[in-house]
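Heads up, the thing below is written out as structure tokens.
First listed ligand is number 1; within each ligand, the first listed atom is number 1. Computed from heavy atoms alone, side chains included, the values below leave out hydrogens, waters and symmetry copies.
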Amino acid sequence: MAVAQHVRVDAPGGSYEIIIEPGLLAQLGERARDYGLDGPVVIVTNPTLQALYGEALTQALPNASLVIMPDGEQYKTLDTVAKLYADFVEAKLDRGGTVLAFGGGVVGDTAGFAAATFLRGVRLVQMPTSLLSMVDSSVGGKVGVDLPQGKNLVGAFKQPDVVLIDPDVLHTLPDREWRCGLGETIKHGLLADPALLEMISDSHKTSAADLVRRAVQVKVDVVQTDPYEHGMRAHLNLGHTFAHAIETVTEYGWAHGEAVGFGLVAAARLSHRLGLCDASVPGQVEEIVRQSGLPTRLGGLDTAAIYRAMGTDKKRQDGRLRFILLRGIAQPDIIKDVPADEVIAVLESLQ
Ligand SMILES: NC(=O)c1ccc[n+]([C@@H]2O[C@H](COP(=O)([O-])OP(=O)(O)OC[C@H]3O[C@@H](n4cnc5c(N)ncnc54)[C@H](O)[C@@H]3O)[C@@H](O)[C@H]2O)c1
Ligand SMILES: [Zn+2]
């Protein structure tokens with residue numbers, strides 16, 4: 001039996017725990033009280049996860065109402081939130097009730113936003129099921145939805161009461177989603193934890209629970225230092241200026257994590273070009289991204305179009321391009337005024 005790993009997060013308005021434990025889902029019923037799930041609960045999930053884990057969930061929490069939202073980023077909308085409110089009313093969820101978000105980042109962000117706003121806020125338990133949602137979106141208190149005009153344009157800060165992670169559910173995660181989660185996990189290693197990078201390289205020696213715990217710790221450290229994104233939390237955007245531009249240019253043909261993988265390679269090259277770090281850094285980044293099955297080359301995408309797409313990224317301030325770059329592994333820094341020709345040269349070197 002694997003040992004439970006607990007990570008405490010100090011957040012504005014109280015602290016909460018992230019519990020990482022293989023087999024946790026099977027024990028949810030017995031532990032319901034420990035996790036504040038012994039009162040009225042509405043479980044929000046999607047049809048994919050319902051098919052896989054619906055029975056386990058209803059066995060564990062027989063009195064809970066199960067609410068299903070559609071699967072897919074295109075449903076991370078105010079329309080879905082409105083439907084969730086109606087389901088919450090029907091389930092008679094009151095101010096003492098709890099929303100349990102069981103799913104990837106889409107379920108977590110959407111159900112989390114509904115929980116933050118329904119009756120001005122009810123309790124929220126996050127049970128992330130994708131690698132990305134375990135190491136990234138379920139931690140830090142950001143919840144929200146997309147608008148037709150752009151992603152994540154509406155949202156709130158809503159700290160969960162507890163985050164429950166059962167790494168065993170990763171067995172059913174599609175390979176592409178696993179790789180996408182690795183993109184953010186590599187990012188966390190590059191920001192703050194070289195040992196995490198070694199764990200990813202030696203993946204056959206590493207348990208998913210250990211990988212998740214170390215990657216979660218990086219995000220926890222960042223969001224505890226800067227809960228409302230006034231400064232250091234920007235470091236989490238490493239690789240993301242490139243990634244968002246590629247998502248735009250490919251009209252989301254590249255998944256976010258794939259674009260992040262490439263973005264990390266590009267950010268490391270740019271860091272070296274600007275003299276911030278030595279050549280071993282881009283070499284190491286490229287190797288681990290490639291090993292993880294994520295793209296390291298653009299494969300013919302239009303570099304000029306990518307550069308133009310960076311102009312609409314919210315990280316462009318006062319008309320100048322601002323990047324999170326690396327002065328070394330685990331030494332991120334915010335660099336303003338990066339010259340356009342350096343960025344374009346990096347993109348062209350990665351065709
Ligand atoms: N709130 C934040 O701070 C934050 C941070 C990063 C990303 N996000 C958001 O997270 C979302 C992306 O999250 P995601 O990558 O988890 O995508 P997702 O929620 O769409 O999940 C990816 C796919 O995997 C499936 N899935 C999830 N867990 C599974 C499992 N255990 N077994 C089988 N299938 C499973 C889902 O049903 C879905 O089809 C985006 O909307 C992004 O904006 C939010
Ligand atoms: Zn990301």
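Using a cut-off of 2.8 Å, one finds that E184 contributes an N/O/S atom close to the Zn ion (ligand 2).
Note that the NZ atom of K187 and the CG atom of L197 stand 13.0 Å from one another [nearest 0.5 Å]. For the atom pair L170 CG and M134 CE, the distance stands at 3.5 Å (nearest 0.5 Å). Here the CD1-OG1 distance, from I200 to T206, works out to 8.5 Å after rounding to the nearest 0.5 Å. In this structure, D166 CG and F102 CZ are separated by 8.0 Å, a value rounded to the nearest 0.5 Å.
Between the side chains of K142 and N152, not a single donor N or O lies within less than 3.5 Å of an accepting N or O. Side-chain atoms of R327 and S271 form no donor-acceptor pair, as typed in the model, at a separation below 3.5 Å. The closest side-chain donor-acceptor pair between Q217 and D221 falls under 3.5 angstrom. For the residue pair E184 and H256, a side-chain donor N or O sits within less than 3.5 Å of a side-chain acceptor on the partner. Inspection of the T77 and D79 side chains reveals no N or O donor paired with an N or O acceptor under 3.5 Å. Counted by atom type alone, R8 and S15 present one or more donor-acceptor pairs between their side chains at under 3.5 Å.
Contacts between D146 and ligand 1, counted as non-hydrogen atom pairs separated by less than 4.0 Å, are absent for every part of the residue.
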Y53 and T129: side chain to side chain donor-acceptor pair (under 3.5 Å), yes or no, with the steps? CA-CA 10 Å; Y53 302 108; T129 61; over 6 Å; no
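Using a 4.0 Å cut-off to heavy atoms of K142, the atoms of ligand 1 that qualify are 1 (N), 2 (C), 3 (O). Listed by number with element, the atoms of ligand 1 under 4.0 Å from a non-hydrogen atom of L52 are 32 (N), 33 (C). Short contacts between ligand 1 and N152, defined as distances under 4.0 Å to a heavy atom of the residue, involve ligand atoms 43 (O). Taking a cut-off of under 4.0 Å to the non-hydrogen atoms of K219, the atoms of ligand 1 that pass are 3 (O). In summary, the atoms of ligand 1 found under 4.0 Å from a heavy atom of D109, numbered by their order in the structure, are 1 (N), 8 (N), 9 (C), 44 (C). If you number the atoms of ligand 1 from 1 as listed, the ones under 4.0 Å from a heavy atom of P174 come out as 33 (C), 34 (N).
Of all the listed residues (G155, G140, S130), S130 holds the heavy atom that lies closest to atom 16 (O) of ligand 1. With distances taken over non-hydrogen atoms, the option nearest atom 23 (C) of ligand 1 out of H256, E177, E184, Q50 is E177.
Counting protein heavy atoms only, atom 21 (O) of ligand 1 is closest to G104 CA, 4.2 Å. Atom 4 (C) of ligand 1 has its closest protein heavy atom at S137 CB, 3.2 Å. Protein heavy atom closest to atom 41 (O) of ligand 1, with residue, atom name and distance, is E73 OE1, 2.5 Å. Nearest non-hydrogen protein atom to atom 26 (N) of ligand 1 is L173 CD1, 3.9 Å. Summary of contacts: the protein heavy atom closest to atom 33 (C) of ligand 1 is T172 O, 3.1 Å. Of the protein's non-hydrogen atoms, K76 NZ, 3.8 Å is the one closest to atom 42 (C) of ligand 1. The single protein non-hydrogen atom nearest to atom 20 (O) of ligand 1 is V106 CG2, 3.4 Å, given as residue, atom name and distance.
Closest to the Zn ion (ligand 2) among the N, O or S atoms of H240 is NE2.
Of the polar atoms of G105, at least one N or O is found under 3.5 Å from an N or O of ligand 1, judged by distance alone. Looking at D136 next to ligand 1, no N or O pair under 3.5 Å apart turns up. For a threshold of 3.5 Å applied to N or O pairs, the pair formed by T129 and ligand 1 contains at least one separation below that value. Close N/O approach between R233 and ligand 1 is not found [any backbone or side-chain N/O within under 3.5 Å]. Of the polar atoms of L132, none of the N or O atoms is found under 3.5 Å from an N or O of ligand 1, judged by distance alone. Among the atoms of D71, some N or O lies under 3.5 angstrom from an N or O of ligand 1. Note: no N/O pair closer than 3.5 Å links G103 and ligand 1 by distance alone.
Within 6.0 Å of the CZ atom in F157, the count of heavy atoms belonging to other residues, nucleotides or ligands exceeds 12. No more than 12 heavy atoms of other residues, nucleotides or ligands lie within 6.0 Å of CD in E90, so this atom counts as exposed by the packing criterion. Within 6.0 Å of the CD atom in Q351, the count of heavy atoms belonging to other residues, nucleotides or ligands exceeds 12.
Each of L321, D341, D302 was evaluated against Y307; a single residue qualifies, L321, per the side-chain contact (heavy atoms from CB on, under 4.5 Å) test.
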